[in-house]
Amino acid sequence: MNNFNFCVPTDIRFGRGQMECLPEELTRYGKKILLVYGGGSIKTTGLYDRVMELLKDFELFELPGIEPNPKLSSVRKGTEICKKENVDMILAVGGGSCIDAAKHIACSACYEGDPWDLVLDRGKVIKALPVAVVLTICATGSEMNSGAVISNEETKEKLEINTPLLYPAISICDPTYLFTLPAKQTAAGTADIISHVFEQYFQPNDGAYITDRLSESVLKTCFHYGLTALKEPENYEARSNLMWASTIGLNHLLTVGKGGAWSVHPIEHELSAYYDITHGVGLAILTPAWMKYVLCDRTVERFAMYAENVWGIAGEDKYAEANEGIARTELFFRSMGLPTRLSEVGIGPEKFEEMAAEAVRTSGVAVKAYCPLQKEDIVRIFEMCM
Ligand code: NZQ
Ligand code: ZN
């Protein structure tokens, strides 16, 4: 097991009715709050009214309209409000897109130059406003991690800032807020959780036994409850297990003692930067192809271990086991109603070379990934998804 530091300062309030603590908890940060939310789901579900009621004694400023795959222009708008109004804290009510926008605004509000500078040079992030979260979709783990992914619509780059300053101070995770999620978002969110675990599980270090077993539990939870949540959107047991799976899936717990660069995420971020597709949909398409592409003598043991421990597949032939595990993974995505081909989301081969080059340029995939991938490898993976 590699050395590691583990310090996650986010205060998680999980379960029904936990939002009632907001007035008391937020008071310690000040009275001026920027409320960041998306395209309107919180208004139709009634959450917006409840937040307004609870925070009636605070001075609220609003930044609505955060896009899925949040854009730099929204971050710039929010930053301006924070600077002009001297905002004390940012409250994101929504999913990864709102949380990530809130985090990026939080550090841009404490920086003199343009927000994009902070993405290009993380060393410039030296201070951030506190961020609070009311989570409405489980997928990214942004509610308990230090990352924020933003798209620059001018340059077609989708990149992450990651610094301990960006851990949310407090996150309200009430599984009943997931009851209204459209099926597509439930499926895409589940695929995202699964992919986060894969990115950490499929790494060369075999000594982090405990971390691998935890990862397998999170994967089993997603495979066990994903379909239930689709069929029964108000099933609390399914929603609560998936919600906690999303948080554990990317709060650094599953990477301790391991490490290495991610593979499928940097490739998907190119798809969603160029074509604005849903992140989890891109991952569901790419993941089985990536698995098939990197399966080789060096990786077969770990893929067979995944098949055995997560899917209960047994046998003498490691390749047969590994291939069956990959087939079950693809079948699961399909049974969740997710596309499994790029052509199903209207993507052709025109930009494959460009996107592959960008994935290599902007990430560690070519050097530090489980199986390092060069531009030609990524083009081949895209082709396998046609
Ligand atoms: O915008 P509204 O109207 O609120 O609708 C949203 C949005 O259209 C809807 N929704 C959310 N909660 C709902 C709901 N609809 C009905 N009822 C509810 N309770 O769902 C749609 C998707 O929301 P979004 O926030 O975009 O989803 P998600 O949480 O999957 O976030 C995706 C973004 O996070 C990034 C992704 O790349 C993408 O930009 N990621 C962030 C990470 C991080 N910070 O650690 C890591 C991830 O790997 C990922 O890259
Ligand atoms: Zn993700």
Side-chain angles (χ1 to χ4, degrees), residues 8 10 35-48 63-72 74-75 92-104 131 133-153 157-163 166-168 171-200 229 233-234 239 242-243 246-247 249-252 255 262-273 276-284 286-287 363:
V8 184
T10 305
L35 178 63
V36 174
Y37 56 97
S41 74
I42 68 162
K43 291 206 168 160
T44 42
T45 60
L47 204 48
Y48 174 85
L63 179 66
I66 299 299
E67 319 75 2
N69 300 323
K71 307 285 180 283
L72 179 61
S74 296
V75 170
V93 183
S97 296
C98 294
I99 305 169
D100 288 5
K103 288 175 174 176
H104 198 157
V131 171
V133 170
V134 175
L135 188 65
T136 67
I137 166 170
C138 59
T140 64
S142 190
E143 65 276 12
M144 200 182 183
N145 72 36
S146 52
V149 186
I150 297 294
S151 297
N152 181 333
E153 54 272 60
E157 288 169 292
K158 182 175 182 182
L159 298 175
E160 187 190 30
I161 311 184
N162 203 323
T163 138
L166 297 186
Y167 282 108
S171 287
I172 310 293
C173 303
D174 181 336
T176 64
Y177 299 157
L178 307 178
F179 289 174
T180 55
L181 271 178
K184 179 187 165 185
Q185 295 301 338
T186 298
T190 307
D192 194 19
I193 304 169
I194 291 167
S195 176
H196 294 156
V197 183
F198 284 160
E199 300 278 20
Q200 299 167 95
E234 301 200 8
R239 292 297 196 185
L242 287 171
M243 197 172 215
S246 107
T247 307
L250 196 48
N251 71 350
H252 309 308
T255 209
W262 289 20
S263 302
V264 181
H265 267 67
I267 306 176
E268 193 297 313
H269 282 169
E270 296 308 321
L271 288 179
S272 44
D276 215 0
I277 63 168
T278 301
H279 174 60
V281 167
L283 295 169
L286 290 167
T287 297
S363 76

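Counting starts at 1 for both ligands and their atoms, in listed order. Positions are given from 1, in the same order as the sequence printed here.
Looking at atom 45 (O) of ligand 1, its nearest protein heavy atom turns out to be N145 ND2, 3.0 Å. Closest protein heavy atom to atom 30 (O) of ligand 1: A139 CB, 3.6 Å. With respect to atom 22 (C) of ligand 1, the closest heavy atom belonging to the protein is Q185 OE1, 3.4 Å. From the protein, the heavy atom lying nearest to atom 50 (O) of ligand 1 is H269 NE2, 2.8 Å. With hydrogens left out, the protein atom closest to atom 40 (N) of ligand 1 is T140 CG2, 3.6 Å, a heavy atom. G96 N, 2.7 Å is the protein heavy atom nearest to atom 29 (O) of ligand 1.
Formation of a donor-acceptor pair under 3.5 Å by the T255 side chain with backbone atoms of H252 is not found in this model. Without hydrogens or angle criteria, S97 side chain to N69 main chain gives a donor-acceptor distance under 3.5 Å. One N or O on the side chain of T190 and one on the backbone of T186 form a donor-acceptor pair closer than 3.5 Å. In this structure, Q200 contributes its side chain and G249 its backbone to a donor-acceptor pair below 3.5 Å. A donor-acceptor contact shorter than 3.5 Å is absent between the side chain of R239 and the backbone of E234. Under the 3.5 Å distance criterion, the side-chain polar atoms of E153 are matched with a main-chain donor or acceptor of L72. Distance alone, capped at 3.5 Å, is enough to place a donor-acceptor pair between the K103 side chain and the G147 backbone.
Backbone and side-chain nitrogen or oxygen atoms of T180 are examined, and one is located within less than 3.5 angstrom of a nitrogen or oxygen of ligand 1. Distances between N or O atoms of G40 and those of ligand 1 include at least one value under 3.5 Å. Considering backbone and side-chain N/O atoms, I42 never comes within less than 3.5 Å of an N/O atom of ligand 1. Checking only distances, G39 does come within under 3.5 Å of ligand 1, N or O to N or O. For ligand 1, the polar-atom distance check against G38 finds no nitrogen or oxygen pair separated by under 3.5 Å. The shortest N or O to N or O distance between K103 and ligand 1 is not below 3.5 Å. Of the polar atoms of H265, at least one N or O is found under 3.5 Å from an N or O of ligand 1, judged by distance alone.
With a 4.0 Å heavy-atom cut-off, ligand 1 is reached by no atom of E67. Here S97 has heavy atoms under 4.0 Å from ligand 1 in both its backbone and its side chain. If you look at A188 next to ligand 1, there are no close heavy atoms at all, none under 4.0 Å. Within the 4.0 Å heavy-atom criterion, the part of Y177 lying near ligand 1 is the backbone and not the side chain.
In this structure, of D100, I137, N69, the residue bringing a heavy atom nearest to atom 44 (N) of ligand 1 is D100. Across the listed options L181, I193, D276, L181 owns the non-hydrogen atom lying nearest to atom 13 (C) of ligand 1. Summarising the contacts of atom 49 (C) of ligand 1 with K71, H279, K184, the nearest heavy atom is found in H279.
Residue contact check for ligand 1: E160 places no non-hydrogen atom closer than 4.0 Å to it.
H196 has its closest N, O or S atom to the Zn ion (ligand 2) at the position named NE2.
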Please step through side chain to side chain contact (heavy atoms under 4.5 Å, CB included) for the pair Y177 and L47, ending with a clear verdict. CA-CA 8 Å; Y177 299 157; L47 204 48; 3.6 Å; yes

Could you walk me through whether S74 and E67 pass the side chain to side chain contact (heavy atoms under 4.5 Å, CB included) test, one step at a time? CA-CA 8 Å; S74 296; E67 319 75 2; 2.8 Å; yes

Step by step, would you call L35 with Y48 a side chain to side chain contact (heavy atoms under 4.5 Å, CB included)? CA-CA 10 Å; L35 178 63; Y48 174 85; 4.1 Å; yes

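Taking a cut-off of under 4.0 Å to the non-hydrogen atoms of G147, the atoms of ligand 1 that pass are 44 (N). Atoms of ligand 1 lying under 4.0 Å from at least one heavy atom of P70, given by number and element, are 39 (O). Distances below 4.0 Å separate heavy atoms of P68 from the following atoms of ligand 1: 8 (O), 26 (O). Atom numbering of ligand 1 starts at 1 in the shown order; those under 4.0 Å from a heavy atom of T136 are 11 (C), 12 (N), 13 (C), 18 (C), 19 (N). Counting the atoms of ligand 1 from 1 in the order shown, those under 4.0 Å from a heavy atom of H196 are 47 (C), 48 (O). Taking a cut-off of under 4.0 Å to the non-hydrogen atoms of P182, the atoms of ligand 1 that pass are 15 (N), 16 (C). Against a heavy-atom cut-off of under 4.0 Å, K158 is close to the following atoms of ligand 1: 36 (C), 37 (O), 38 (C), 39 (O). Below 4.0 Å from some heavy atom of S41 lie the following atoms of ligand 1, by number and element: 2 (P), 3 (O), 4 (O), 5 (O), 10 (N), 13 (C), 14 (C), 15 (N), 16 (C).
From D276, atom CG reaches atom OG of S151 across 7.0 Å, with rounding to the nearest 0.5 Å. Atoms CD and CD1, from E160 and I150 in turn, are 10.5 Å apart once rounded to the nearest 0.5 Å. Once rounded to the nearest 0.5 Å, the distance linking CG of L178 with OG1 of T180 reads 7.5 Å. Taking CD from E268 and CG from L283, the interatomic distance works out to 5.0 Å, rounded to the nearest 0.5 Å. Remark: Y37 OH to K43 NZ distance equals 3.5 Å, nearest 0.5 Å.
Ring geometry, W262 versus H196: the interplanar angle falls from 30° to 60°, so the pair is classed tilted.
Put simply, the angle at the Zn ion (ligand 2) from NE2 in H279 to OD1 in D192 is close to 90°, to the nearest 10°.
E143 and T10 form no side-chain donor-acceptor contact under 3.5 Å, judged by distance and modelled atom types alone. The closest side-chain donor-acceptor pair between D100 and S142 falls under 3.5 angstrom.
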